[in-house]
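What you see below is based on every heavy atom in this structure, not just the backbone, and it leaves out hydrogens, waters and symmetry mates.
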Amino acid sequence: MTINRLLVANRGEIARRVLATCRRLGVETVAVHSEADADAPHVAEADQAVRLPGDSPAETYLRIDLILDAARRTGADAVHPGYGFLAENAEFAAAVIDAGLTWVGPSAKAIAAMGDKVAAKTLLADAGVPMLPTWTEPGQVGGFPVLVKAASGGGGRGMRVVRDAAGLAEAIASARREAAAAFGDGTVFVERYVEHGRHVEVQIFGDVFGTIAALGVRECSIQRRHQKIVEEAPGVIPPEVRERLHEAAVTAGRAVDYVGAGTVEFLLTPDGEIHFLEMNTRLQVEHPVTELYTGLDLVRLQLLVAEGEPLPAEAVYPKTRGYAVEVRLCAEDPAEGFRPATGVLHRFAVPGVSAEFGALTHAGLRLDSGVVDGSAVGVHYDSMLAKLIAWAPTRGEAARALAGALARAELHGVTTNRDLLVRVLRSPEFAAVEVDTGFLDRHPEVFVPLVPSDRVPLYALAGALASAAGRRANAPVLAGLPSGWRNVPAYPQVTRLLGPAGEVEVRYRLDRTGALAEWAVRPVTGPSGDGAVPDGSRIDSGDAGAAGSATGAGSEIPAVALVSAAPERVVLDADGVRYAYRVHRVGSAVHVDGPEGSVTLTELPRLPEPTAELAPGSLLAPLPGAVTRVHVAAGQRVAAGDLLLTLEAMKLEHPVLAPIDGTVVELPVPTGGQVDTGAVLAVVNPLEDAR
């Protein structure tokens, strides 16, 4: 049963990954897409594409009937589910097979057996796989801390850590809502939570002849919201523990007659015990580290096994090489509790990439991306934009190369977790393999932006100079004059920018040769400019150099000289050291990439348009979504940190907390109400102001 035309029942990065292998093998491809994904890269790269109708962009990918109809209309003879959506849906697997198509995945029976995590634990415990204590009813729970988990699905959704009995009921209720929204099944269970445990997993592969091979261990301990963001292979694990992990994973696969690619996940305790967590009956997000470590193409193996071929010898007895580290680059703000971010990705450029979606023949970087320049990032899907993977002879070399490429990447238009990832990879604890699932909780220093606050003024100056150079280059007349030249050279150029620490005013003066005579970057602390030099005032010669920044006042001020200024590149000499800044302007947004990292600024108009004044104490929606629960009532007193309401977006629940002790005076959005970014969700007045 040769596969000639494959339909990929997914989107984004995994769809592009499957399409890439199909192109190498000469297999024709079919993409499916929602209306929101009409211009997505995976649609353009497939040989054929079919739009899935429906009002909800996310739910269209869950319509089995529409996907099977797309396969029939395009003449596809096989279906690959990717991961997420219907990848672990036994009903979908059975429907594909019943339609006479080849299913690229394990049997519907195996998916069903592992899909219910409670039943899977019982089955595999009987087979001898070690387990953590598990309870299905709150009254059964024996001891804390515990972890509430969704019985269906994965990816960290529907998971809550509970440290005492008082928080158990609300954690279960919240996990049920989130699991129901993500997987259509709100069933949850509770298992013992292990402090300082490591999350490790084994890639297995089975064929129809009964062969089950273990392709190595992956370390996936560094997580946020119980979702992995850094993965490694082969992991720094004692040989005897690695052998036990392989044996337990193969035992799990044999218990369900597993065929295809699968992952068996374990918790590794500090004393070397291993405990089964779950089995994912699909290709994992982190499969590229295994591919680079073993030299195998796992999607190719999936297709071979689906065609009824035996696993090749190189998969049964893999030859391993070097070390691979992967990071998940996500559209989210780590400083705001990893709140998902939306917008248009105006530039997506990672330097030094050797391959996309494929093998590396020498040490280098691989990029698996679901986005390109101009991609729109909305609220309908997971926040992951791409995966960047480094492969090198050693773990240290791979981590260093990966961090360097991330730090130099140009990621403009959407907030990402890039700075956090770089700091994790460069941390002494990561280098020493002092990692576990609580890594981020113990290391708040990795949440600090890459660009130090006292260096932001140089980025602001570079942005202002580049913007002025751009306007001068586009001027219809007198374009040859130096930027900033004026008849009264004693008066400076003034640009107001909104930066990471608030509004600042950039003032600079160029002499008649175009050299930087004086400059200052000063915070604007009030609506009338209190704390900054008023418009039109003179910067005397004694004021040369930076006058401080919104966050760096009092730091040592560098002596700065202008080497060159062009619309997209500014070179400054600060205290005798030359720094180059790359500048990309989109509308009023000014993206400045420099030696330390990246800073996004917004150029503010000199005469801003009037805007509606918000009531004091207004809490605004950080992104579009739906209010799933309102926990308080108007007139109710609340304390700082109290839960006011819950907003659901990107299939995750986002708590809205009281910022101060006060009284709730307004709740304009009822339960079930849809909101856009910036909508008022609640108004909380300080107690002394409450009426």
Side-chain angles (χ1 to χ4, degrees), residues 132 145-149 154-157 159-163 191-201 217-238 241-242 245 263 265-275 277-278 284-286 289 323-330 332-339 383-384 387-390 394-396 398-404 406-407 416-450 597 652:
L132 286 168
V146 297
L147 184 64
V148 180
K149 300 178 69 173
R157 292 179 172 86
M159 296 180 71
R160 304 285 188 276
V161 175
V162 183
R163 299 193 176 278
E191 70 181 17
R192 181 166 63 89
Y193 180 70
V194 176
E195 303 282 4
H196 307 301
R198 292 169 64 182
H199 189 134
V200 298
E201 60 190 29
V217 177
R218 296 188 287 251
E219 169 81 64
C220 309
S221 293
I222 298 180
Q223 305 175 1
R224 55 91 172 100
R225 283 188 162 187
H226 309 291
Q227 292 179 306
K228 309 158 190 171
I229 57 172
V230 181
E231 295 111 350
E232 314 173 40
V236 181
I237 296 168
V241 176
R242 188 181 306 275
L245 288 167
T263 298
E265 303 195 356
F266 298 91
L267 186 70
L268 177 60
T269 67
D271 58 5
E273 294 182 4
I274 65 172
H275 299 282
L277 291 176
E278 62 187 27
Q284 289 280 88
V285 176
E286 57 271 25
V289 291
Y323 205 97
V325 183
E326 169 184 298
V327 292
R328 301 189 192 189
L329 186 64
C330 299
E332 60 189 22
D333 188 349
E336 296 294 334
F338 297 99
R339 184 179 68 203
S383 64
M384 190 176 75
K387 301 175 305 195
L388 187 62
I389 313 100
T394 68
R395 182 178 185 268
R400 182 174 60 192
L402 186 53
L406 276 173
T416 73
N417 63 340
R418 180 259 303 276
D419 286 16
L420 171 81
L421 296 173
V422 173
R423 288 209 178 274
V424 168
L425 293 171
R426 289 176 173 172
S427 69
E429 294 78 13
F430 181 84
V433 202
E434 295 173 1
V435 298
D436 58 57
T437 55
F439 183 91
L440 295 185
D441 295 332
R442 293 197 312 278
H443 296 289
E445 68 275 8
V446 301
F447 289 83
V448 176
L450 286 177
L652 291 174

Next on the checklist: Donor-acceptor pair, distance only, cut-off 3.5 Å: does the side chain of Ser221 make one with the backbone of Thr437?
Outcome noted: no
Checklist outcome for this item: Nearest heavy-atom approach of Ala403 to Val422 is O-CG2, 3.8 Å
Next on the checklist: Applying side chain to side chain contact (heavy atoms under 4.5 Å, CB included) to Ile229 and Leu420, what does each step give before you reach the verdict?
Outcome noted: CA-CA 10 Å; Ile229 57 172; Leu420 171 81; 4.1 Å; yes
Checklist entry - Is there a donor-acceptor pair closer than 3.5 Å between any side-chain N or O of Arg418 and the backbone N or O of Leu406? => result yes
Item to check | Salt-bridge present (Glu231, Arg328; N to O < 4.0 Å) | outcome: yes
Checklist entry - Any side-chain heavy atom of Glu273 sitting closer than 4.5 Å to one from Val194? => result no
Checklist entry - Which value, rounded to the nearest 0.5 Å, describes the distance between Phe447 atom CZ and Leu440 atom CG? => result 5.0 Å
Item to check | Over 12 non-hydrogen atoms of neighbours within 6.0 angstrom of CZ in Arg192 | outcome: yes
Checklist entry - Taking only residues two or more places apart in sequence or in another chain, which ones pass side chain to side chain contact (heavy atoms under 4.5 Å, CB included) with Arg395? => result Glu232, Val236, Tyr323, Phe430, Val433
Next on the checklist: salt bridge (charged side-chain N to carboxylate O under 4.0 Å, His left out), that's the test. Do Glu445 and Arg423 meet it? Break it down for me.
Outcome noted: CA-CA 8 Å; Glu445 68 275 8; Arg423 288 209 178 274; over 6 Å; no
Checklist outcome for this item: d(Leu277 CG, Leu267 CG) to nearest 0.5 Å is 5.5 Å
Item to check | Taking every non-hydrogen atom, the tightest pair across Ile237 and Arg242 | outcome: O-NH2, 3.5 Å
Item to check | Salt bridge present between Glu195 and Arg163 (N-O < 4.0 angstrom) | outcome: yes
Item to check | Test item: Lys387 side-chain N/O and Val285 main-chain N/O as donor-acceptor pair under 3.5 Å | outcome: yes
Item to check | Main-chain N/O of Asp436 paired to Arg442 side chain as donor or acceptor, under 3.5 Å | outcome: no
Next on the checklist: For His443, give me all partners under ring-ring contact (aromatic ring centres under 6.0 Å, His included), at least two apart in sequence or on another chain.
Outcome noted: Phe439
Item to check | Side chain to side chain, Ile274 and Val200, heavy atoms closer than 4.5 Å | outcome: no
Item to check | Atom pair CD (Glu326) and CG (Leu402), whose distance is rounded to the nearest 0.5 Å | outcome: 9.0 Å
Next on the checklist: As an exercise, state the distance from CG of Leu425 to CD1 of Ile222, rounded to the nearest 0.5 Å.
Outcome noted: 7.5 Å
Next on the checklist: To the nearest 0.5 Å, what is the distance between CD on Glu278 and CD on Glu201?
Outcome noted: 9.0 Å
Checklist entry - So does Arg198 pair up with Glu219, basic N to acidic O under 4.0 Å? => result yes
Checklist outcome for this item: Which of Arg225, Arg224, Arg339 passes side-chain hydrogen bond (donor to acceptor under 3.5 Å, both in side chains) with Glu332? It is Arg224
